Number of protein chains: 2
Amino acid sequence: MSAARTSHPRTRIQAKRRGRILEAALDVFSTHGFRGATIDQIAEAADMSKPNLLYYFRSKEAIHHELIQRLLDDWLQPLRDLDPAGDPMSELRAYIRRKIEMSRDFPREGRLFTNEILQGAPHTLGMLRDVLKPLVDEKVKVIEGWMKAGHIVRTDPYHLIFSLWATTQHYADFDVQVRAVLGPERDGEGRFEDAARFLEQLYLDGLAPRQGGK
Amino acid sequence: MSAARTSHPRTRIQAKRRGRILEAALDVFSTHGFRGATIDQIAEAADMSKPNLLYYFRSKEAIHHELIQRLLDDWLQPLRDLDPAGDPMSELRAYIRRKIEMSRDFPREGRLFTNEILQGAPHTLGMLRDVLKPLVDEKVKVIEGWMKAGHIVRTDPYHLIFSLWATTQHYADFDVQVRAVLGPERDGEGRFEDAARFLEQLYLDGLAPRQGGK
DNA sequence: GTCTATAATGCGATAGAC
DNA sequence: GTCTATCGCATTATAGAC
């Protein structure tokens, strides 16, 4: 069969090999960026020859494109899960927990996106407008609802979301720096738990309605 | 004279040309990363030929190295300026303001560092340990002093600093995303002022000592 | 489907004239 | 100091045998 290069492989064996390539590509793209990554590196990581890899994907760009598309949905799931009917403080706490867990368990995915955005989102700008912005706009309305109901203090909901993204994503993107600063004496997975606790305190205290109520 | 390649050019004309190269290189490295940048691009941006550029710098890596070294000091200045004798809330507010202004006025410098850290700090790891960590350790002690004196709530000072870095740096690194989400209707330099106000509110309210005491 | 070989281009760096 | 020309290697992608 000669349909290996389509996005929808017909056979199980093709799906499996494409999956192995994507897994290897995630490794390489996330640490070297798109241009810094080479097909050779990806092929070696996927344990196959370069021409063989290019039998499954038309080009380096095609691999990157499919990777971005597949991962964006997962990446936004915590924000999608923000429940308008839930208790605001519990929802925020759950969101922070989920995002910190993702930085701990899937740092490569985060770095892939950061690399992409940092370089001006050349392959992703359309998705930012068509997928990301509508979702954020929707959740901003949820947050504004909580503010009007007096459950959390009034503030700029867009910048609140940016701030949540930035603080949680930091532990994936700047992992090297975080570990260098914490030093060997505090090295270990505990930093993620410490981060979650700190961020819960910061956001939950910072957003709790004031007693005096303005 | 044949000393153009040393780090300390003797003549004014050499310093000027090297400066023009570094300015162009900042542009290119900050948007494409080290490996994504080409000497051709830098040379064109500096309006000189590639061999001419390589007369002033031994190699692509030498340009990058000097850029990182020159900028790190500026980059850490706001943290250095954190005054143990100052009012904690005013010091934090000033720090946030300074960092947001830097993201607005010097976004390329921020992206240069983020690119570098994201890729595992291959050229910078030593500086993180020798320069960054000692400075952070020193300022952590300052913050701990404020906590013990009851001026701000007790929390993890390392993660507080990470959080401040992440939230302020976000507006340089993720500028494309921020603008895509805010949309054309909120596009304009106002986003930096909005960000500063939001962050002041978050941190100052979140860190203010509770009325009931601990 | 997978391989070896190689085409085609991009890129860092140098040679050598002026 | 600056240029044109070019070397040498890396890298993307393809050709064609098996």
Side-chain angles (χ1 to χ4, degrees), chain A residues 1-25 27-29 31-67 115 119 122-123, chain B residues 1-29 31-68 115 119 122-123:
Chain A
M1 148 139 22
S2 61
R5 291 183 164 184
T6 69
S7 299
H8 301 290
R10 309 289 166 83
T11 75
R12 214 164 288 142
I13 200 86
Q14 281 178 9
K16 197 170 173 187
R17 300 225 88 190
R18 286 172 64 91
R20 213 168 82 198
I21 292 168
L22 289 171
E23 160 66 23
D27 234 57
V28 179
F29 281 135
T31 52
H32 296 98
F34 180 76
R35 291 202 48 190
T38 71
I39 295 187
D40 267 320
Q41 287 176 295
I42 299 171
E44 191 184 358
D47 196 32
M48 63 181 76
S49 74
K50 181 163 50 174
N52 194 192
L53 182 152
L54 286 167
Y55 172 78
Y56 289 98
F57 287 92
R58 176 181 294 97
S59 66
K60 177 178 163 180
E61 187 147 359
I63 306 175
H64 188 260
H65 184 74
E66 182 146 342
L67 212 44
N115 253 311
Q119 306 189 359
H123 312 88
Chain B
M1 146 138 26
S2 61
R5 290 182 164 183
T6 70
S7 299
H8 300 289
R10 309 291 165 80
T11 76
R12 215 163 288 140
I13 200 85
Q14 282 177 9
K16 197 170 174 188
R17 300 225 90 189
R18 286 173 62 93
R20 214 167 83 199
I21 293 168
L22 289 171
E23 161 66 24
L26 175 57
D27 235 55
V28 179
F29 281 135
T31 53
H32 296 97
F34 181 75
R35 292 206 42 191
T38 71
I39 295 187
D40 269 319
Q41 286 176 295
I42 299 171
E44 191 183 0
D47 197 33
M48 62 180 76
S49 72
K50 180 163 53 172
N52 194 193
L53 182 151
L54 285 167
Y55 172 79
Y56 290 98
F57 287 91
R58 176 182 292 97
S59 66
K60 179 178 165 181
E61 189 148 358
I63 306 174
H64 188 261
H65 184 75
E66 181 146 344
L67 214 43
I68 294 267
N115 254 310
Q119 306 189 0
H123 312 88

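So you know, we letter chains A, B, ... as the sequences are listed, proteins then strands, and number each from 1. No hydrogens, no waters, no symmetry mates; every other heavy atom, side chains included, goes into these values. For clarity, every value in this text was computed on a predicted model and none was experimentally measured.
Here the P atom of nucleotide C:dT2 and the CZ atom of A:R18 are 13 Å apart, to the nearest Å. To the nearest angstrom, P of C:dC11 lies 12 Å from CD1 of B:I42. Taking atom CZ of B:R12 as the reference point, atom C1' of D:dG1 lies 18 Å away to the nearest angstrom. Protein atom CZ of B:R20 is 12 Å distant from nucleotide atom C1' of D:dT2, rounded to whole Å. In this structure, CD of B:Q14 is placed 13 Å from C1' of D:dT2, rounded to the nearest angstrom. Rounded to whole Å, the distance from OH on B:Y55 to C1' on C:dA17 is 16 Å. Distance, A:N52 CG to C:dT4 P: 10 Å, rounded to whole Å.
Residues satisfying the salt bridge (Lys or Arg N to Asp or Glu O under 4.0 Å) test with B:E23, not counting sequence neighbours, are B:R108.
Taking only side-chain nitrogens and oxygens, A:Y56 never comes nearer than 4.0 Å to OP1 or OP2 of C:dG1. For D:dT2, the OP1/OP2 oxygens have no side-chain nitrogen or oxygen of B:S49 closer than 4.0 Å.
Nearest heavy-atom pair across B:T31 and B:D27 is OG1-O, 3.2 Å.
In this structure, A:Q119 and B:N115 have side chains that are in contact, with non-hydrogen atoms separated by less than 4.5 Å.
Rounding to the nearest 0.5 Å places CD of A:E44 at 12.5 Å from CG of A:L53.
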Collect all protein-nucleotide pairs involving nucleotides 11-16 of chain D in which both atoms are nitrogen or oxygen and the distance is under 3.5 Å.
from, atom 1, to, atom 2, distance (Å)
D:dT11, OP1, B:R35, NH2, 3.0
D:dT12, OP1, A:A37, O, 3.3
D:dT12, OP1, A:K60, NZ, 3.1
D:dT12, OP2, A:I39, N, 2.9
D:dA13, OP2, A:K60, N, 3.0

Side-chain donor-acceptor pairs of residues 34-43 of chain B under 3.5 Å, sequence neighbours excluded:
from, atom 1, to, atom 2, distance (Å)
B:R35, NH1, A:G36, O, 2.9
B:R35, NH2, A:G36, O, 3.3
B:T38, OG1, B:Q41, N, 3.1
B:T38, OG1, B:Q41, OE1, 3.4
B:D40, OD2, B:K50, NZ, 3.4
B:Q41, OE1, B:T38, N, 3.1

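Counting heavy atoms of neighbouring residues, nucleotides and ligands inside a 6.0 Å radius, atom NE2 of A:H65 does not exceed 12 of them.
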